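From a predicted model like this one, the values you see are computed outputs, not experimental measurements.
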Amino acid sequence: MIKKLIQGIIIGTANIIPGVSGGTMMVAMGIYDKLIHSITHLFSEFKESLKFLAPIFIGVGAALVIVARILEFCFTAFPIQTNLLFVGLIIGSLPFILKHVRHKKTTPGMLVCFVVFFVIVVAMAMMGESEGGSADVSFGLVNVIKLFLVGVVAAATMVIPGVSGSMMLMILGYYNTILECINDTVEALTQFDVAAVMGNMLILVPFGIGVVAGIFLIAKIIEIIFQRAETHAYWAIVGLIVASPIAILWKTDWSGFSIAAIVTGVIAFAAGCAIAWKLGEE
């Protein structure tokens with residue numbers, strides 16, 4: 001229970017950070033296959049799936065509410081160390097991922113999957129350097145539909161290993177809007193400001209419905225892909241994951257570069273590797 005809660009917090013934290021993939025963290029911790037299965041079989045295997053998913057999603061929710069504020073401070077005060085921690089989490093996951101392709105014949109098609117998805121992640125990192133103008137989220141039918149569709153896209157990219165859902169939100173211009181709306185809602189709840197909460201719900205509800213729909217849709221597609229081309233799928237994931245540290249380091253603020261920052265960054269990197277190894281154990 002505690003382990004799954006921690007895994008959920010790490011996944012939620014990763015999904016908040018542009019350039020870091022929550023799907024990558026799922027693979028890193030060895031729960032990706034089971035998580036996809038539990039989502040797609042939620043109703044047919046309800047009790048077992050809920051037992052697995054509940055603590056993970058509670059952890060994700062806790063990350064969105066609490067960790068987002070902590071991360072804001074960490075990335076402002078210690079950007080190098082914080083990013084190297086996540087790089088360590090990803091690098092530390094590679095042994096668990098490579099076991100799915102080790103001792104299997106490698107074909108040109110598998111290598112193409114690796115290269116294509118490696119390039120996708122690096123290209124997204126270069127495209128997502130800054131967020132465009134904030135999106136118009138004033139209440140109206142068109143904007144409700146837009147928020148729903150943005151939620152679908154965000155959820156899909158959050159589940160796919162190596163692809164950053166928050167980076168996609170930045171590209172679409174909704175990242176700051178959604179994050180501020182979540183933080184404002186939490187603050188309004190603590191102050192019992194019902195009007196502010198209801199106003200934010202006009203944004204968060206259609207977005208949230210889109211997220212739920214997107215998770216179920218992409219999970220089913222991924223399950224079908226794994227059933228029909230499992231080894232190709234894992235080579236694509238390896239490409240996504242190998243590219244992820246490049247994407248993270250590309251977006252790191254190196255203005256605070258110093259010997260002390262590098263030494264503490266290496267320690268953070270080692271800690272990330274150790275955490276990935278521990279959480280990835282069966």
Going through the checks in order, is the side chain to side chain contact (heavy atoms under 4.5 Å, CB included) test met by Val60 and Asn15?
CA-CA 9 Å; Val60 171; Asn15 275 325; 5.6 Å; no
Under 4.5 Å between any side-chain heavy atoms of Phe216 and Thr40, yes or no?
no
Heavy-atom side-chain contact between Ile39 and Ser49 under 4.5 Å
no
Looking only at heavy atoms, which two atoms of Gly265 and Gln81 are closest? And how far apart?
N-CG, 3.7 Å
May I have the step-by-step check of side chain to side chain contact (heavy atoms under 4.5 Å, CB included) for Asn143 and Ile203, ending in yes or no?
CA-CA 9 Å; Asn143 283 338; Ile203 297 172; over 6 Å; no
Check whether Thr264 reaches the backbone of Ala261 with its side chain - one donor and one acceptor, N or O, closer than 3.5 Å.
yes
Would a single hydrophobic cluster contain both Ile182 and Met198, if residues Ile, Leu, Val, Met, Phe, Trp and Tyr are joined by side-chain heavy-atom contacts under 4.5 Å?
no
Is there side-chain contact between His37 and Glu45, with heavy atoms separated by less than 4.5 Å?
yes
Are Phe257 and Ile267 grouped together when hydrophobic residues (ILVMFWY) are joined by side-chain heavy atoms under 4.5 angstrom apart?
no
Please report the shortest heavy-atom distance between Pro95 and Arg102, naming the atom on each side.
O-NH2, 4.1 Å
Assigning hydrophobic clusters by single linkage (Ile, Leu, Val, Met, Phe, Trp, Tyr; side-chain heavy-atom cutoff under 4.5 Å), is Val238 placed with Leu111?
no
Stepwise side chain to side chain contact (heavy atoms under 4.5 Å, CB included) test for Val197 and Phe192
CA-CA 8 Å; Val197 171; Phe192 300 101; over 6 Å; no
Taking the side chain as C-beta and beyond, is there a heavy-atom pair between Phe117 and Ile237 under 4.5 Å?
no
Any ion pair linking Glu48 and Lys51 (charged N to carboxylate O, less than 4.0 Å)?
no
Should Met110 and Lys104 count as side-chain neighbours, where that means a heavy-atom distance under 4.5 Å?
no
His232 meets the ring-ring contact (aromatic ring centres under 6.0 Å, His included) criterion, sequence neighbours left out, with none
Check step by step if side chain to side chain contact (heavy atoms under 4.5 Å, CB included) holds for Leu85 and Phe269.
CA-CA 5 Å; Leu85 172 67; Phe269 172 83; over 6 Å; no
Min side-chain heavy-atom separation Leu249-Trp254 under 4.5 Å
yes
Listing, residues 27-36 side-chain donor-acceptor contacts under 3.5 Å, not counting sequence neighbours, or none:
| unit_1 | atom_1 | unit_2 | atom_2 | d |
| --- | --- | --- | --- | --- |
| Tyr32 | OH | Val159 | O | 3.2 |
| Asp33 | OD1 | Tyr234 | OH | 3.0 |
| Asp33 | OD2 | Tyr234 | OH | 2.7 |

So if you build clusters from Ile, Leu, Val, Met, Phe, Trp, Tyr with side-chain heavy-atom gaps below 4.5 Å, do Leu147 and Leu141 land together?
yes
Are Val212 and Phe148 co-members of a hydrophobic cluster defined by side-chain heavy atoms under 4.5 Å apart?
yes
